[in-house]
Amino acid sequence: NVTGVQTCALPILDSTNRAAVDRLIDLKGRAGTFSVMVGSVQMMTKCALISRPVQDKLAPQLPGPFTFILKVPETSPITAKVRGTENKVGFRVPDHQFLRSVFKMNDTPVVTTSVNKTGQSPERDPAAIRADFNEKIDLLIDDGVLPPSVGSTVVDGTVENWRIIRQGVGILQDSYE
């Protein structure tokens with residue numbers, strides 16, 4: 001499935017389904033870690049190692065245009081191919097009406113990444129996505145042509161003093177330190 005969110009068009013698929021993740025690896029032309037989208041901080045706690053103080057720091061930032069890198073336990077429902085060798089995952093809680101309604105119906109964490117082959121620019125136009133990936137996607141949710149974006153702000157939440165890895169659309173509130 002492909003849909004737009006706050007920052008770019010994204011393929012979304014069940015992060016607990018190995019066959020689905022293998023399809024994404026084929027679509028992207030690469031293996032490695034991927035981001036995971038969840039419907040809430042509470043859902044994130046089912047997949048990642050998050051202390052109560054970290055939950056409290058995350059709450060005012062989410063939902064929003066952030067990707068928080070967090071440690072995940074070996075017992076996480078997220079497949080190993082998504083977690084990578086360091087057992088870390090970038091988590092997003094989107095502030096997008098369609099996706100929020102999907103998460104209200106289904107609390108499965110989903111893998112996300114930009115819609116492009118590795119090394120190419122991300123697609124923003126549903127017609128281009130359809131032309132390039134039609135045989136590899138099951139469903140395209142047409143959210144119109146998306147404006148250019150610098151993407152989400154990526155924050156390393158595995159360290160005590162969070163570190164911004166990539167400044168994107170999201171601006172962290174002062175309470176994050």
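By convention here, the first residue in the shown sequence is residue 1. Bear in mind that the values here come from a model prediction, so they are computed numbers and not experimental data.
In this structure, Phe68 CZ and Thr153 OG1 are separated by 8.5 Å, a value rounded to the nearest 0.5 Å. Here the CD1 atom belonging to Ile50 is positioned 11.0 Å from the CD atom belonging to Gln42, to the nearest 0.5 angstrom. Met37 CE to Thr108 OG1: the interatomic distance, rounded to the nearest 0.5 Å, is 13.5 Å. Summarising the geometry, atom CD belonging to Gln55 is positioned 8.0 Å from atom CG belonging to Leu58; distances are rounded to the nearest 0.5 Å. Of the inter-residue distances, the one linking Met44 atom CE with Arg92 atom CZ reads 10.5 Å to the nearest 0.5 angstrom. For the atom pair Leu49 CG and Leu70 CG, the distance stands at 9.0 Å (nearest 0.5 Å).
Closest approach of Val21 to Lys81, counting heavy atoms only: CG1-CB, 3.9 Å. Minimum interatomic distance between Asn106 and Met43 (heavy atoms only, all atoms of both residues): O-CE, 4.4 Å. When all heavy atoms of Val110 and Phe103 are compared, the pair lying nearest together is CG2-CZ, 3.9 Å. The heavy-atom pair separating Glu160 from Lys57 by the smallest distance is O-NZ, 3.3 Å. Among all heavy-atom pairs drawn from Cys47 and Ile78, the shortest one is CB-CD1, 3.7 Å. Residue Gly39 comes nearest to Val93 through the heavy atom pair O-CG1, 3.6 Å, listed as atom of the first residue, atom of the second, then distance.
Side-chain atoms of Ser152 never come within 3.5 Å of backbone atoms of Pro65 as a donor-acceptor pair (strictly under, hydrogens ignored). A donor-acceptor pair under 3.5 Å is formed between the side chain of Ser101 and the backbone N or O of Phe98. Side chain of Ser15 to main chain of Pro109: a donor-acceptor pair is present (N/O by atom type, distance under 3.5 Å, no hydrogens or angles).
Applying the under-4.5 Å side-chain rule to Ile, Leu, Val, Met, Phe, Trp and Tyr, the cluster around Met105 consists of that residue alone.
More than 12 heavy-atom neighbours from other residues, nucleotides or ligands sit within 6.0 angstrom of CZ on Arg166. For Gln167, the CD atom sits in a packed shell: over 12 heavy atoms of surrounding residues, nucleotides or ligands are nearer than 6.0 Å.
Under the 4.5 Å side-chain heavy-atom criterion for ILVMFWY residues, no single connected hydrophobic cluster contains both Leu62 and Val154.
Looking only at atom types and distance, the side chain of Ser35 has no donor-acceptor partner in the side chain of Thr67 under 3.5 Å away.
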Determine whether Thr158 and Ile69 satisfy the following criterion, side-chain contact (heavy atoms from CB on, under 4.5 Å), listing intermediate values before the conclusion.
CA-CA 7 Å; Thr158 66; Ile69 298 172; 4.2 Å; yes
Could you go through the side-chain contact (heavy atoms from CB on, under 4.5 Å) check for Val102 and Lys104 one step at a time?
CA-CA 5 Å; Val102 168; Lys104 284 181 182 177; over 6 Å; no
Derivation and outcome, side-chain contact (heavy atoms from CB on, under 4.5 Å), residues Val169 and Val150
CA-CA 6 Å; Val169 175; Val150 294; 4.0 Å; yes
Stepwise side-chain contact (heavy atoms from CB on, under 4.5 Å) test for Lys46 and Asp107:
CA-CA 10 Å; Lys46 296 176 183 177; Asp107 67 350; 3.6 Å; yes
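Proximity of Val36 to Val82: side-chain heavy atoms (C-beta onward) are separated by under 4.5 Å at one or more points.
Under a 4.0 Å N-O distance rule, the pair Arg52/Asp56 qualifies as a salt bridge. Asp156 has no carboxylate O lying under 4.0 Å from a charged side-chain N of Lys88, or vice versa, which leaves the two without a salt bridge.
Partners of Phe91 under the ring pair (Phe, Tyr, Trp, His ring centres under 6.0 Å) rule, at least two apart in sequence or in another chain, do not exist in this structure. Remark: Ala80 engages Arg83 in a side chain to side chain contact (heavy atoms under 4.5 Å, CB included) (not counting sequence neighbours).
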